[in-house]
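Numbers restart at 1 for each chain; the letters A, B, ... are given by sequence-line order, proteins then strands. These numbers were taken from a predicted model, which means no experiment stands behind them.
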Amino acid sequence: MRIVTWNVNSIVPRLPRVLDFLEQTAPDVLCLQELKSPTEKFPFAEVEALGYEVAAYGLGRWNGVGIVSRVGLSDVVRGLPGEPRFDGAAEARAIGATCGGVRVWSVYVPNGREPDNPHYAYKLEWLEALRSLVSSELSSSGPFAVLGDFNVAPTDADVWDIAVFAESTHVTKPERDALARLRDLGLSDVFPRPLKYDHPFTYWDYRAGNFPNNKGMRIDLVYGNAAFSGAVTDSYVDRNARKGKGPSDHAPIVVDLDL
DNA sequence: ATGTCGGCCTCGGGCCGA
């Protein structure tokens with residue numbers, strides 16, 4: 001089985017690339033983040049024409065997540081139980097489904113903005129809701145994974161220059177501790193291989209030539225339980241999908257499993 | 001370079017979010 005996670009930075013302008021990716025890379029399951037589109041505006045017909053089922057969850061112009069599968073799509077859950085709201089509004093940042101016997105969650109963790117911004121406290125609360133969800137879902141021992149844009153770089157090596165992030169979110173101890181608590185539940189970081197350079201960054205800001213200079217971050221992650229991680233045969237960041245005209249600012253992570 | 005994208009409101013360009 002091949003499972004992919006990809007923050008596409010808006011599904012509508014990215015659709016040609018997503019369709020091409022589905023044909024070329026042929027994932028069985030594709031977890032999407034940052035649809036930037038309400039559910040009803042998802043391009044269902046174009047994706048379904050390639051033989052996939054779609055579960056999308058979008059509540060407006062921001063956020064939005066989805067799961068695309070050609071190996072079944074059942075027991076869909078939209079949102080995390082007990083998730084916090086931001087500024088009084090619900091946001092579409094998590095969707096779960098069972099695909100080909102694997103329980104999969106596609107997540108788009110809040111950015112946090114700055115450490116003193118209310119969005120940062122919201123981010124930590126959201127990660128705690130994710131921890132509760134994972135804790136409850138791990139009572140079953142089948143293959144399970146949370147994949148997506150975590151907006152946290154787990155270690156200093158996961159940013160191109162830690163000095164640049166001295167006053168920033170994505171690298172603070174509370175954020176990293178939240179990831180550690182997820183791992184403590186029995187998940188492990190399925191660490192992908194890079195296709196180029198020595199570190200598998202997954203995100204490069206559009207500005208200032210960050211991508212050609214490889215000024216990237218590893219903030220898209222695959223956290224799997226033992227049944228999932230033990231079945232992994234390969235994992236890589238498809239940085240080729242970040243190249244050319246009209247890319248997302250994130251690259252997909254491709255995970256192959258003996259499942 | 002405060003550097004680039006994308007959505008939205010609204011039809012030119014500003015604002016917000018990342």
Item to check | A:Tyr197 ring center near A:His199 ring center (under 6.0 Å) | outcome: no
Checklist entry - When rounded to the nearest Å, what value does the distance between C1' atoms of B:dT2 and B:dA18 take? => result 15 Å
Checklist entry - Which whole-number value in Å describes the distance from A:Lys215 NZ to B:dT4 C1'? => result 15 Å
Next on the checklist: Please report the distance, rounded to the nearest Å, between CG in A:Asp249 and P in B:dG7.
Outcome noted: 12 Å
Checklist entry - Under the 3.5 angstrom rule, does the side chain of A:Glu128 hit a backbone N or O of A:Glu125 as a donor-acceptor pair? => result no
Next on the checklist: Tell me if the centroids of the rings in A:Phe21 and A:Trp6 come within less than 6.0 Å of each other.
Outcome noted: yes
Item to check | Interface with DNA chain B, restricted to residues 9-20 of chain A and to heavy atoms under 4.0 Å | outcome: A:Asn9, A:Ser10, A:Pro13, A:Arg14
Checklist entry - Want to settle it: does A:Tyr203 or A:Gly246 sit nearer the 5' end of DNA chain B, counting the closest nucleotide to each? => result A:Gly246
Checklist entry - Mind checking whether A:Leu32 and A:Val107 sit in one hydrophobic cluster, side chains of I, L, V, M, F, W, Y counted as touching below 4.5 Å? => result no
Checklist entry - Contact class for A:Tyr108 (heavy atom, under 4.0 Å): base, sugar-phosphate, or nothing? => result sugar-phosphate
Checklist entry - Can you find a side chain N or O atom of A:Arg207 that sits less than 4.0 Å from OP1 or OP2 on B:dT2? => result no
Checklist outcome for this item: Against the side chain of A:Arg93, the closest entry in B:dC16, B:dA18, B:dT4 is B:dA18
Item to check | Under 3.5 Å: donor-acceptor pair, side chain of A:Arg70, backbone of A:Ala26 | outcome: yes
Item to check | Distance, P atom - from B:dC16 to B:dG3, rounded to whole angstrom | outcome: 15 Å
Checklist outcome for this item: Output row for DNA chain B, stems defined as at least 3 consecutive Watson-Crick or G-U pairs under 3.5 Å, is B:4-9 with B:13-18
Item to check | Minimal non-hydrogen separation, A:Gly142 against A:Asn225, with atom names | outcome: O-ND2, 2.7 Å
Item to check | Interatomic distance, A:Trp204 CH2 vs B:dC5 C1' [rounded to whole Å] | outcome: 16 Å
Checklist outcome for this item: 5'-most contact on DNA chain B (nearest-nucleotide basis), A:Gly60 vs A:Tyr206, goes to A:Tyr206
Item to check | Sidechain-backbone polar pair: A:Thr25 side chain, A:Pro27 backbone, donor-acceptor under 3.5 Å | outcome: no
Checklist entry - Would A:Tyr223 and A:Phe150 count as a close aromatic pair, with their ring centres under 6.0 Å? => result yes
Checklist entry - Looking at A:Glu53 and A:Leu73, what are the two nearest heavy atoms and their distance? => result OE2-N, 3.6 Å
Item to check | Between B:dG17 (P) and A:Leu35 (CG): distance, integer Å | outcome: 19 Å
